[in-house]
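Below you'll find the structure, written out as structure tokens, and then a few comments.
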Amino acid sequence: MFTKILIANRGEIACRVAATARRMGIQTVAVYSEADANAKHVAVCDEAVLIGPAPAKESYLCGDKIIAVALATGAQAIHPGYGFLSENANFADACHAAGLVFIGPPASAMRAMGSKSAAKSLMEKANVPLVPGYHGDNQDADFLHGQADKIGYPVLLKASAGGGGKGMRVIEHCADFKAALASCKREAISSFGDDKVLAEKYLSRPRHIEIQVFADTLGNCIYLFERDCSVQRRHQKVLEEAPAPGMPFDRRAAMGEAAVAAAKAVGYVGAGTVEFIANQDGSFYFMEMNTRLQVEHPVTEMITGTDLVEWQLRVAFGEPLPKKQHELTIHGHAIEARIYAENPEKGFLPSIGTLRHMQSPSAVTFELGGTVVPAAVRIDSGVREGDAISPFYDPMIAKLIVWGADRREALARMAQALGEYQIVGLASNIAFLKRLVEGQAFASADLDTGLIERNQESLFPALQATPDTALALASVALLLEEKAAAETQSSHRADPWGNALGWRLNSTLGRSLAFADEFTLAGGAEAEAYAARITYQTDGWLFNGQPLSLTARQGNELHIKLGERAVHGTVLRDGEQFHVFSSGLHYTLHYSDPMAHAGEVEAEGGRLTAPMPGKVVAVLVNKGQDVKKGEPLVIMEAMKMEHTIAAPHDGLVEDVLYGVGDQVSDGAPLLAFKAAA
């Protein structure tokens with residue numbers, strides 16, 4: 001077996017590979033960019049080497065640098081993870097030329113499957129079912145239009161070299177074809193440098209089902225059953241599960257055998273995924289093959305009791321597959337949710353910032369086939385509390401994977417685990433995922449790739465007022481914080497008015513705590529509820545007239561009694577924000593401190609700041625220019641998306657502090673602005 005490998009990746013997959021290598025007694029070498037100097041994957045590997053600046057094209061995509069590091073550190077093989085260089089046939093060839101083992105398929109297999117149209121021609125010869133369509137080289141617009149007419153509308157156009165939902169168009173009517181083709185080709189050439197497209201019959205309500213295949217260098221090839229990845233947004237997976245709900249034994253066998261035939265057709269070696277699009281009637285068609293380990297591989301590991309990274313290492317070393325087809329069985333059900341730093345309510349806009357607080361669900365062990373598997377709740381993550389989600393890479397925080405004896409148990413465990421997740425410092429998709437998992441469509445396995453779009457109303461509900469239980473928890477946290485601060489000030493210890501216990505001579509102290517959230521800031525009709533009226537008592541308080549008391553406390557976790565209700569939750573303060581985690585939900589409350597600006601007059605102007613780290617791509621105003629409220633001033637780019645900073649009021653631009661192309665940090669002042677009188 002290898003004694004040392006280099007992991008040519010970052011984040012959770014680098015940590016995942018390192019964990020298996022450590023268990024097998026294999027040393028690991030990490031590579032990292034300047035942005036990842038303090039990253040988790042650097043810490044968990046035995047060695048780490050800097051390979052370049054933050055942009056991936058100057059670091060993680062530099063195959064020559066990575067190979068040089070592998071040779072210098074004595075690594076015998078390179079594991080590419082997924083993304084970056086994992087499906088780069090030239091990199092695989094370069095590894096081989098340098099005397100290194102590429103832990104992945106042969107370059108020839110990657111090239112064969114790299115073009116969607118060429119792959120489909122190969123699959124047709126191997127008798128793998130294909131979606132009716134045209135996958136040839138003739139790219140004449142009139143010819144393609146004629147092919148679409150033969151296929152029958154709706155038709156799906158997609159870039160032959162594409163992926164990630166780019167270069168794809170659904171055409172409902174013949175008259176729309178040529179405009180859609182031109183648009184598709186423009187996006188394809190921009191994204192992939194190749195404007196070749198293929199045309200296929202567009203299936204209504206299709207399911208996305210993929211088969212995990214594995215082949216060794218001795219000619220053995222098996223399938224490790226299927227995963228259902230139908231729940232997607234913008235053609236990107238959100239939830240994955242194994243096995244696929246409602247999959248009959250004979251169809252599973254047929255899809256598995258077709259996937260093995262596809263792998264054998266290209267002389268495949270290692271871990272791969274053959275993706276199929278399936279009709280609701282059970283018919284299925286080859287879509288593409290991913291010549292690498294997939295993000296969602298843990299659900300397969302959960303139901304089969306295998307470690308697919310270990311299999312990769314053994315196969316790359318020349319060993320036979322650890323199991324034969326008849327030795328594989330399905331145990332229970334597994335679901336994976338991708339935890340992202342993003343805001344689903346704002347079009348899944350990526351969120352950049354620091355993980356100022358992160359509490360993950362507790363791991364749960366279980367037994368599978370006589371072997372204790374690490375956890376029925378498993379978390380694969382490449383970040384830790386205190387780490388930053390930068391604009392340079394994918395904003396994934398973690399993969400949350402759960403196992404259950406059946407799908408119902410797995411669903412319950414996933415909902416519970418999502419409710420235990422706590423993240424402060426940036427937006428996340430956790431609440432959205434919880435609604436998705438608990439929603440009727442997913443719970444009843446009414447699955448297709450349009451599930452999210454079909455259930456917009458339930459998945460993106462209108463803003464609701466924060467309940468009084470959450471407001472009471474935030475109020476108690478604030479009152480306890482004030483008491484602790486007063487107790488640390490020795491000058492107040494003998495002062496009954498300064499002890500923060502609300503003592504008053506011959507009277508009681510009453511005060512109002514002002515909170516706001518997105519509901520009130522948006523003008524919600526129940527904004528009055530956010531004035532928490534507190535009356536101090538000897539054994540607690542009155543909260544809006546209801547008795548309120550603290551019954552137990554452990555760190556940030558509070559147990560209170562509000563009226564006759566026992567309530568508990570975790571409260572964390574981040575500046576003027578109170579984050580309340582209670583009953584599986586997360587409430588963010590903005591506290592308006594009346595003492596914070598005492599004696600000050602709040603200026604209506606000021607220095608407009610960057611909402612996140614990024615690059616200035618446009619400055620739309622000049623120094624000394626008068627502007628109107630809402631007028632765009634600066635455009636920033638972060639996470640490959642543009643963000644416009646607009647004037648908060650009518651006023652004057654006093655100074656422009658950054659120019660086009662400048663990189664700015666979170667909170668950096670972009671320009672000085674003076675509000676109109």
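Quick caveat, the model's predicted, so the values are computed rather than measured.
At least one test fails for Arg10 against the ring of Tyr32: distance under 6.0 Å to the centre or angle within 45° of the axis.
Formation of a donor-acceptor pair under 3.5 Å by the Asn622 side chain with backbone atoms of Asp655 is not found in this model. In this structure a side-chain-to-backbone donor-acceptor pair under 3.5 Å is missing from Tyr658 to Val664. A donor-acceptor pair is defined here as one N or O able to donate and one able to accept, closer than 3.5 Å; no such pair exists between the side chain of Gln577 and the backbone of His590. Between the side chain of Ser381 and the backbone N or O of Ile397, at least one donor-acceptor pair lies under 3.5 Å. Between the side chain of Asp650 and the backbone N or O of Ala676, no donor-acceptor pair lies under 3.5 Å. Within the 3.5 Å criterion, the main-chain N or O of Val295 finds a donor-acceptor partner in the side chain of Lys399. At distances below 3.5 Å, not a single donor-acceptor pair connects side-chain atoms of Lys629 with backbone N or O atoms of Pro648. Judged by distance alone, the side chain of His357 and the main-chain N or O of Arg573 form no donor-acceptor pair under 3.5 Å.
A salt bridge links Arg356 with Asp574: at least one charged nitrogen is closer than 4.0 Å to a carboxylate oxygen. Salt bridge annotation for Arg435-Glu345: present, with a cationic side-chain nitrogen under 4.0 angstrom from a carboxylate oxygen. Salt bridge Glu187/Arg169: present, at least one basic N to carboxylate O contact under 4.0 Å. Between Glu438 and Lys434 there is a salt bridge, with a side-chain nitrogen of the basic residue lying less than 4.0 Å from a carboxylate oxygen of the acidic one. Salt-bridge annotation for Arg565 and Asp468: present, with a side-chain N of the basic residue lying under 4.0 Å from a carboxylate O of the acidic one. Using a cut-off of 4.0 Å between Lys/Arg side-chain N and Asp/Glu carboxylate O, Glu453 and Arg233 are scored as not salt-bridged.
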Step by step, would you call Gln232 with Ile452 a side-chain contact (heavy atoms from CB on, under 4.5 Å)?
CA-CA 7 Å; Gln232 303 177 7; Ile452 291 176; over 6 Å; no
Leu459 vs Phe432, test: side-chain contact (heavy atoms from CB on, under 4.5 Å). Steps then yes/no.
CA-CA 7 Å; Leu459 294 176; Phe432 168 77; 4.0 Å; yes
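Between Phe578 and Tyr587, the distance separating the two ring centers is not shorter than 6.0 angstrom. Close placement of the His586 and His579 rings is indicated, their centers lying within 6.0 Å of each other. Ring pair Tyr421/Phe581: centre-to-centre distance not below 6.0 Å.
Aromatic ring pairs are classed by plane angle as parallel below 30°, tilted from 30° to 60° and perpendicular above 60°; the pair Phe515 and Tyr591 is tilted.
Using modelled atom types, one finds a donor on one side chain and an acceptor on the other under 3.5 Å when comparing Thr466 with Asp517.
By the 4.5 Å heavy-atom criterion applied to side chains, Ile635 and Val616 are not counted as neighbours.
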